[in-house]
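Everything on this sheet refers to the single structure shown next.
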Amino acid sequence: MRKDAGRERTTRRATDRIDPVISAVLSAYSKPVQVRLLALRRLILETARETDGVGAIEEALKWGQPSYLTTETGSGSTIRIDGVRSAPDQYAVYFHCQTNLVETFRELYPELRYGGNRSILLDAADDPPEAALRHCVALALTYHLNRRKRGKL
């Protein structure tokens, strides 16, 4: 596999059927984290389907992490998911650190835990805050679309 700006060349349109390369990355985690990451993947794909303007999602490995890109429409910012290396019982949703996404999430959902300006941190032992995560994912998937709309006002 060739790497291009952190992205391995094994990309494809994301479907509910998981790519073997993505599956292999996720299978390296403990069962509790693996189950949560698979559920998070489903949440991202469902949210993309349900959110106007997003279009098809491309699933790829970026920096060794399952990543979700809006390459068809360019509507959003890349979302990555991964276990937290320093805390084996945690996993995270990562966002581009040069956006204001995590800052916005902090204002909307102060009860969530954050990793700096780049991630939402979650514990594998706890039920995820699904409604909040869906909203945050939708905001990330429409980040550029919403910026373009604001620019036209």
Side-chain angles (χ1 to χ4, degrees), residues 1-51 54-73 75-106 108-144:
M1 278 183 262
R2 277 187 32 204
K3 288 190 178 184
D4 182 24
R7 187 158 99 205
E8 296 176 14
R9 289 278 179 143
T10 58
T11 61
R12 67 185 192 97
R13 188 172 269 190
T15 63
D16 289 331
R17 193 170 145 222
I18 193 162
D19 183 288
V21 175
I22 301 293
S23 183
V25 168
L26 296 177
S27 68
Y29 289 102
S30 68
K31 195 65 168 174
V33 170
Q34 185 182 127
V35 166
R36 294 299 189 189
L37 287 170
L38 287 168
L40 191 51
R41 178 186 182 272
R42 277 190 305 276
L43 181 143
I44 292 167
L45 297 179
E46 288 170 4
T47 302
R49 281 192 295 267
E50 297 165 0
T51 305
V54 172
I57 294 293
E58 179 183 340
E59 184 172 48
L61 284 181
K62 289 184 83 167
W63 298 281
Q65 299 170 319
S67 304
Y68 304 89
L69 301 85
T70 59
T71 52
E72 182 179 72
T73 63
S75 66
S77 181
T78 300
I79 299 170
R80 295 175 290 124
I81 63 174
D82 201 358
V84 177
R85 304 256 185 252
S86 61
D89 59 338
Q90 293 182 356
Y91 61 109
V93 189
Y94 295 93
F95 305 92
H96 195 293
C97 63
Q98 293 179 340
T99 66
N100 67 348
L101 285 166
V102 173
E103 179 183 332
T104 300
F105 304 158
R106 282 181 199 276
L108 294 170
Y109 302 103
E111 70 278 9
L112 296 180
R113 287 183 325 151
Y114 299 93
N117 64 344
R118 60 184 229 137
S119 65
I120 296 173
L121 301 173
L122 303 156
D123 286 316
D126 299 334
D127 288 334
E130 189 170 320
L133 286 175
R134 282 187 186 277
H135 187 213
C136 293
V137 164
L139 289 172
L141 293 173
T142 57
Y143 180 76
H144 297 299

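As the structure is a prediction and not an experimental result, all values here were calculated from the model. In this chain, numbering begins with 1 at the start of the sequence shown.
The two residues Val33 and Ala124 make their nearest non-hydrogen contact at CG2-CB, 3.9 Å. Val84 and Ala92 get closest at one heavy-atom pair: CG2-CB, 4.0 Å. In terms of heavy atoms, Ala24 sits closest to Ser27 at O-OG, 2.9 Å. Summarising the geometry of Val54 relative to Ala48, their closest heavy-atom pair is CB-O, 3.8 Å, with the distance given to 0.1 Å. Of all non-hydrogen atoms in Asp123 and Arg113, the two that sit nearest each other are OD1-NH2, 3.5 Å. Ser67 and Lys62 get closest at one heavy-atom pair: OG-CB, 3.2 Å.
Between the side chains of Tyr68 and Glu59, at least one donor N or O lies within less than 3.5 Å of an accepting N or O. Using modelled atom types and a 3.5 Å distance limit, the side chains of His135 and Tyr109 yield a donor-acceptor pair.
Between Ile18 and Leu26 there is a side-chain heavy-atom pair separated by less than 4.5 Å. The shortest distance between side-chain heavy atoms of Val25 and Pro66 falls below 4.5 Å. Side-chain contact between Val93 and Ser119: absent, with no pair of heavy atoms (C-beta onward) separated by less than 4.5 Å. Residues Arg36 and Leu122 fail the side-chain proximity criterion, which asks for heavy atoms closer than 4.5 Å. Side-chain contact between His96 and Ser77: present, with at least one pair of heavy atoms (C-beta onward) separated by less than 4.5 Å. Between Tyr91 and Leu40 there is a side-chain heavy-atom pair separated by less than 4.5 Å. Contact annotation: the side chain of Arg42 never approaches that of Leu45 to less than 4.5 Å [non-hydrogen atoms, C-beta and beyond]. In this structure, the side chains of Asn117 and Glu103 stay at 4.5 Å or more apart for every pair of heavy atoms.
With Glu72 contributing its side chain and Gly55 its backbone, the two residues share no donor-acceptor pair below 3.5 Å. A donor-acceptor contact shorter than 3.5 Å is absent between the side chain of Ser23 and the backbone of Pro20.
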Ring pair (Phe, Tyr, Trp, His ring centres under 6.0 Å) assessment of Phe105 paired with Phe95: CA-CA 11 Å; Phe105 304 158; Phe95 305 92; 4.9 Å; yes
Intermediate values then yes/no, side chain to side chain contact (heavy atoms under 4.5 Å, CB included), Ile22 and Leu61: CA-CA 7 Å; Ile22 301 293; Leu61 284 181; 3.6 Å; yes
Verdict with reasoning, Ile79 to Tyr94, per side chain to side chain contact (heavy atoms under 4.5 Å, CB included): CA-CA 6 Å; Ile79 299 170; Tyr94 295 93; over 6 Å; no
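Atom CD of Gln98 has 12 or fewer heavy atoms from other residues, nucleotides or ligands within 6.0 Å.
The pair Arg134-Glu130 meets the salt-bridge criterion, since a charged nitrogen lies less than 4.0 angstrom from a carboxylate oxygen.
Atom-to-atom distance recorded for Leu112:CG and Ile120:CD1 is 5.5 Å, nearest 0.5 angstrom. Note that CG of Asp82 is 8.0 Å distant from CZ of Arg80, once rounded to the nearest 0.5 Å. Put simply, CG on Leu101 and SG on Cys136 are 8.5 Å apart, with the number rounded to the nearest 0.5 Å.
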